[in-house]
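From a predicted model like this one, the values you see are computed outputs, not experimental measurements. Residues take their numbers from the sequence shown, with the count starting at 1.
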Amino acid sequence: MTGLQYPRMYLYRRLVQAKLFIDRHYAEPIDLDCIADEAYFSKFHFIKQFKAIYQQTPHQYLKTVRMENAKLLLQQGTTVADTCYAVGFESISSFSNLFKRANGMTPSAYLQQQQSLKAQIAATPLAYIPGCFAEKYGWSPKQQF
């Protein structure tokens with residue numbers, strides 16, 4: 001055996017470092033070269049190793065992180081356009097298409113659904129509290145906050 005063999009844990013830490021880099025910089029215009037450099041791998045070796053550990057390519061993971069953060073922003077009431085740019089997309093149409101593919105509805109419909117849900121919770125909060133919890137504290141379904 002020639003050459004230096006790195007312990008598996010060292011290589012795994014480099015992959016985790018790259019994943020954390022994606023988690024921190026998802027809203028920036030990062031590409032595969034940038035992420036692979038963070039792990040000190042060639043991009044082709046990096047893709048193979050990342051997929052072996054996380055069951056998706058780095059690009060797929062980046063899209064997943066962006067979609068999850070987009071859902072959080074929309075739940076908070078952020079507009080679709082502001083959400084699109086806040087999570088690192090440059091085109092509202094590509095963001096909307098990807099969001100619909102990932103979540104089964106457009107970002108506008110998701111935003112509207114979240115606003116409707118917030119209004120329902122505000123109108124009848126006890127309907128969203130588990131019965132066992134309400135019973136434990138002596139709240140009846142007729143009480144309102």
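Residues Lys63 and Leu98 meet the side-chain proximity criterion, which asks for heavy atoms closer than 4.5 Å. Inter-residue side-chain proximity for Lys100 and Met105 is flagged as unmet; no heavy-atom pair is nearer than 4.5 Å. In this structure the side chain of Leu117 reaches within 4.5 angstrom of the side chain of Gln120, judged on heavy atoms. No side-chain heavy atom of Pro107 sits less than 4.5 Å from a side-chain heavy atom of Thr83. When side chains are defined from C-beta on, Cys34 counts as touching Phe21, because their heavy atoms get closer than 4.5 Å.
Of the possible donor and acceptor atoms, none in the side chain of Ser116 sits under 3.5 Å from a partner among the backbone N and O of Gln112. Arg14 contributes a side-chain N or O that, together with a main-chain N or O of Tyr40, makes up a donor-acceptor pair within less than 3.5 Å. Ser94 places a side-chain N or O within donor-acceptor distance of the main-chain N or O of Ser91, the cut-off being under 3.5 Å. With hydrogens and angles ignored, the 3.5 Å screen pairs no side-chain donor or acceptor of Gln49 with any backbone N or O of Phe46.
In this structure, Asn103 CG and Gln113 CD are separated by 10.0 Å, a value rounded to the nearest 0.5 Å.
Linking ILVMFWY side-chain heavy atoms closer than 4.5 Å, directly or via other members, places Phe44 and Leu32 in two distinct hydrophobic clusters.
Tyr54 meets the ring pair (Phe, Tyr, Trp, His ring centres under 6.0 Å) test with Phe50; sequence neighbours excluded. Taking the side-chain hydrogen bond (donor to acceptor under 3.5 Å, both in side chains) definition, one finds that Thr106 meets it with nothing, sequence neighbours left out. Considering only residues two or more places apart in sequence or on other chains, Lys43 meets the salt bridge (Lys or Arg N to Asp or Glu O under 4.0 Å) condition with Asp33. Looking at residues two or more places apart in sequence or on another chain, you find no side-chain hydrogen bond (donor to acceptor under 3.5 Å, both in side chains) involving Glu90. Residues satisfying the salt bridge (Lys or Arg N to Asp or Glu O under 4.0 Å) test with Asp37, not counting sequence neighbours, are none.
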Show me, pair by pair, the donor-acceptor contacts under 3.5 angstrom made by side chains of residues 67-80, not counting sequence neighbours?
residue	atom	partner	partner atom	Å
Asn69	OD1	Tyr26	OH	3.4
Asn69	ND2	Val65	O	2.8
Gln75	NE2	Tyr110	OH	2.7
Thr78	OG1	Leu73	O	3.1
Thr79	OG1	Asp82	N	3.2
Thr79	OG1	Asp82	OD2	3.1

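Taking a 6.0 Å sphere around OH of Tyr85, one finds it holds more than 12 heavy atoms contributed by other residues, nucleotides or ligands.
The minimum heavy-atom distance linking Ala86 with Ala27 is given by the pair O-CB, 3.1 Å. Closest heavy-atom contact between Ile22 and Pro58: CD1-O, 4.2 Å.
Among the candidates Gln56, Arg66, Lys51, Lys19, the single residue satisfying the side chain to side chain donor-acceptor pair (under 3.5 Å) test with Tyr61 is Lys19.
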